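Read the structure below first, then the notes.
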Amino acid sequence: GAPVVSLSAAAQAAVSGDTIELGPMTFTLAQTVSLRRGVTLRGYSPLYTKLNGTGLDRVITVLSGAGTTGTVSALTVYGGNIGIDPGSSPLIVKNCVIRNNIVAGVLVASSATGVQIVNNTIIENAQYGIHTASTDIDIRNNIVLRNGYGVFAEAAPTCAYNDLFDNPSGNAVGFTPGTGSISVDVLFLDEAGDDYREEENQTVIDAGDPASAYDQEPSPNGGRINMGAFGNTPDAAISPAQPPEPPPEPTPDADAPPGGGGGGGGGFCYIDSAGRGAGGGNGSMMFGLALLTSLLVAILLRRIGRSWC
C-alpha cells in the first residue's frame, strides 16, 4: 500500500477490505479515527503503537454503511471519552490494550451486530471496561481489570474465558460470566511504563479458550492461548516451567531367577551395554551361583561315568 501523510487521511481514503497499518509510534490525535465499515486498522504491537485520544469524544469509531467485518488490532487506545465504538457495524477488536478512557473502554450499541472483543487488556477505564446493549457480541479471552464496571450488559452477551477482577461497581452486571471465566489479579511487567505484558506465573497464562489458536506464542506455550492483549502473539508470556517427568520404574523379567537383597536392587539382573551386571548389585552373586552349579554337575557326571566302567 501507499504511504499517507496522516492517520486521518488514511481513514478517509480506506474502503471496505482495505488495511491501514501503523508503525511503532504514538499518534496524538486531533480528531476521531472514523473507519468505514469493513476496514482493518492494525498496529505494530500494543507495546509500540498507541493512539492518544485525549480530549476526544471517541478515539476510534466505525461508520455505518455497506461492507464486511472490520478489525482493530495490535494497538493501545487511551485518553478519550470512549476508546472504541463499533457503531452499528460488525467489528473484531483484538490484541489491544484499552485503558484510561473517561467513560468506557468499549461501547457497543444495541444496533451493533457481529462484534467480537477477543484477547484484549481493558484496564482503568473510569466508568466501564465494556458497556454493551447488543445481543450479538462475543467477549472472550480478555483481562478486564480495575475499571468502574467490568462488563455492563443491557442484554446478555456471549462471554467466556475472561478475567474480570477488581471492578468496584461490579465485575459482570446483567449476566453471569460463562465457561472458563476467572476473577484474579494480574501483575504486569511495567504498568507504569505502559508495558502490559504479564509477569511470569500469572493465572491468566494458558487460561484462554482451548479452541482459540495459540501458535504465535513463543515456546513453551502450554498448548493453550493466554488471556489478555498479548495472547497468540510473539510477545505472549511463556508457560510456567514444568518439572521433568521421572523415568519409568524398571520392571523385572518374568523369567529371571529371584535375587537376594544385595544393595536393595529388587532381586533382578540384566546386562547393560558394557556387558556388566546391573540392577541392584546382584550380578556378581548370580554369576557365582551359576559357576558353582556347573562345577557340581561336572563332578557328579565324572563319578557316574566311573561307575559305568
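Keep in mind that this is a model prediction, so the values were computed, not measured. Counting begins at 1 with the first residue of the sequence.
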Contact check, side chains of T32 and D57, non-hydrogen atoms, under 4.5 Å: no
Donor-acceptor contact present, side-chain R36 to main-chain Q12, <3.5 Å: yes
Exercise: identify the closest heavy-atom pair between S111 and G87: OG-O, 4.4 Å
Close side-chain approach of V33 and L35, heavy atoms under 4.5 Å: yes
Lys NZ or Arg CZ of R99 over Y78 ring: under 6.0 Å, within 45°: yes
Which residues share a side chain to side chain contact (heavy atoms under 4.5 Å, CB included) with A9, sequence neighbours left out: V5, S6
Backbone N/O of V144 and side chain of T121: donor-acceptor pair under 3.5 Å: no
N95 vs N119, side-chain hydrogen bond (donor to acceptor under 3.5 Å, both in side chains): CA-CA, chis, key distance, verdict: CA-CA 5 Å; N95 298 122; N119 274 109; 5.3 Å; no
Sub-4.5 Å side-chain heavy-atom contact between F175 and C159: yes
Transitive ILVMFWY side-chain link V93 to Y161, under 4.5 Å: no
Nearest atoms (heavy-atom pairs only) where I123 meets E191: CD1-OE2, 3.8 Å
Donor on one side chain, acceptor on other, T233 and D235, under 3.5 Å: no
Any pair counted as ring pair (Phe, Tyr, Trp, His ring centres under 6.0 Å), so long as it reaches residues 112-150, sequence neighbours left out: Y128-H131, Y128-Y149, Y128-F152, H131-F152, Y149-F152
CA sep, side-chain torsions, deciding dist, call: V39, V15, side-chain contact (heavy atoms from CB on, under 4.5 Å): CA-CA 6 Å; V39 171; V15 297; 5.6 Å; no
E198 CD to F188 CZ distance, which is reported to the nearest 0.5 Å: 6.0 Å
Would you mind writing out the side-chain donor-acceptor pairs for residues 219-231 within the sub-3.5 Å range, not counting sequence neighbours?
from : atom 1 : to   : atom 2 : distance (Å)
N221 : OD1    : G223 : N      : 3.0
N221 : ND2    : E217 : O      : 3.4
R224 : NE     : D206 : O      : 3.3
R224 : NE     : G208 : O      : 2.7
R224 : NH2    : G208 : O      : 3.0
N226 : OD1    : D206 : N      : 2.8
N226 : ND2    : A237 : O      : 2.9

Listed once per pair and sorted, the ring pair (Phe, Tyr, Trp, His ring centres under 6.0 Å) pairs that draw on residues 202-222, sequence neighbours left out: none
The single option from I117, I143, L145 passing side-chain contact (heavy atoms from CB on, under 4.5 Å) against I122: I117
Single-linkage hydrophobic cluster, 4.5 Å side-chain cutoff, L41 and V97 together: no
Shortest non-hydrogen contact between N232 and Q216, atoms and distance: OD1-N, 2.8 Å
Heavy-atom donor-acceptor pair, N147 side chain to E124 backbone, under 3.5 Å: yes
Donor-acceptor pair, side chain of D195 and main chain of L189, under 3.5 angstrom: no
Side-chain donor or acceptor of R37 paired with backbone N/O of G67 under 3.5 Å: yes
D136 side chain reached by V115 side chain, heavy atoms, under 4.5 Å: no
Where at least one partner belongs to residues 88-108, residue pairs that pass ring pair (Phe, Tyr, Trp, His ring centres under 6.0 Å), sequence neighbours excluded: none
For E200, side chain to side chain contact (heavy atoms under 4.5 Å, CB included) partners two or more places apart: none
Short side-chain to backbone donor-acceptor contact, S181 and A160, under 3.5 Å: no
Derivation of the side-chain contact (heavy atoms from CB on, under 4.5 Å) call for C96 and T76: CA-CA 6 Å; C96 289; T76 290; over 6 Å; no
Which atom of A133 lies closest to which atom of A155, heavy atoms considered: O-CB, 3.8 Å
Heavy-atom check, side chain of S89 versus side chain of L63, under 4.5 Å: no
Same apolar cluster: I60 and M25, side chain cutoff 4.5 Å: yes
R42/T71 under side-chain contact (heavy atoms from CB on, under 4.5 Å): CA gap, chis, key distance, verdict: CA-CA 8 Å; R42 183 169 60 223; T71 301; over 6 Å; no
Atom NZ of K50: over 12 foreign heavy atoms under 6.0 Å: yes
Cluster overlap L107 with V151, hydrophobic side-chain contacts below 4.5 Å: no
Minimum heavy-atom distance N101-V77, with the two atoms named: ND2-O, 3.5 Å
Backbone of L164 reached by a side-chain donor or acceptor of S183 within 3.5 Å: yes
Pairwise distance CG(L51) to CG(L75) - rounded to 0.5 angstrom: 5.0 Å
Smallest separation among heavy atoms of I137 and P157, with atom names: CG2-CB, 3.6 Å
Pair D209 + R140: basic N to acidic O under 4.0 Å: yes
Donor-acceptor contact below 3.5 Å, side chain N52 vs main chain T54: yes
Side-chain heavy atoms of L56 within contact of N81, under 4.5 Å: no
Spacing of OG1 belonging to T203 relative to CG belonging to D163, to within rounding of 0.5 Å: 8.0 Å
Backbone N/O of S169 and side chain of N167: donor-acceptor pair under 3.5 Å: no
Worked verdict on I84 versus V62 for side-chain contact (heavy atoms from CB on, under 4.5 Å): CA-CA 9 Å; I84 299 175; V62 181; over 6 Å; no
Any donor-acceptor N or O pair under 3.5 Å, side chains N162, N142: yes
Evaluation steps, salt bridge (charged side-chain N to carboxylate O under 4.0 Å, His left out), between D85 and R58: CA-CA 7 Å; D85 178 2; R58 283 156 171 76; 2.6 Å; yes
Side chain to side chain, S134 and S110, heavy atoms closer than 4.5 Å: no
Point-to-point distance, once rounded to the nearest 0.5 Å, from CD of Q31 to CG of L7: 9.0 Å
Short side-chain to backbone donor-acceptor contact, D190 and G193, under 3.5 Å: yes
Shared hydrophobic cluster, I98 / I92 (ILVMFWY, side-chain heavy atoms < 4.5 Å): no
